Amino acid sequence: MKVTDKPLAVAGLISYRCKGGYGWIMIGAKNHADAIIQANRPSDTVKPETLEMWDGNKYASVSP
């Protein structure tokens, strides 16, 4: 299993990932809005529609 397919957030945060210009940006955040803020810190090419959250088994899209 690739490291980008595993939850990586520390205890107390939710694991998210978002597609950036060079691949997945792994994020630990409090909620969806916080995840987008954190994803934009290292990259200005983040597309919010690619945000995914760990659901306990896999990453799943948070977009409706």
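These figures come from a predicted structure and were not determined experimentally.
Linking ILVMFWY residues whenever their side-chain heavy atoms come closer than 4.5 Å, directly or via other members, places Trp54 and Val3 in the same cluster.
You'll find the side chain of His32 reaches within 4.5 Å of the side chain of Leu51, heavy atoms only. Within the 4.5 Å cutoff, no side-chain heavy atoms of Val62 are placed close to those of Glu52. Side-chain atoms of Lys19 and Trp24, non-hydrogen and from C-beta on, do get closer than 4.5 Å to each other. The shortest distance between side-chain heavy atoms of Ile27 and Ser15 does not fall below 4.5 Å.
Closest of all the heavy-atom pairs between Cys18 and Val46 is SG-CG1, 3.3 Å. Of all heavy-atom pairs spanning Ala39 and Pro42, the tightest one is O-CD, 3.2 Å.
Rounding to the nearest 0.5 angstrom, the gap separating the OG1 atom in Thr50 from the OH atom in Tyr16 is 13.5 Å. In this structure, Met26 CE and Tyr59 OH are separated by 3.5 Å, a value rounded to the nearest 0.5 Å. Residue Leu13 holds its CG atom at 10.0 Å from CG of Asn31, rounded to the nearest 0.5 Å. With rounding to the nearest 0.5 angstrom, the CD atom of Glu49 is 9.5 Å from the OG atom of Ser61.
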Next item on the list: Please lay out, stage by stage, how Met53 and Ile14 fare under the test side chain to side chain contact (heavy atoms under 4.5 Å, CB included).
Entry: CA-CA 7 Å; Met53 181 178 77; Ile14 302 165; 3.5 Å; yes

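Checking side-chain atoms of Arg17 against main-chain N and O of Thr4 turns up a donor-acceptor pair under 3.5 Å.
Checked for salt-bridge contact, Asp5 and Lys58 miss the test: no charged N lies under 4.0 Å from a carboxylate O.
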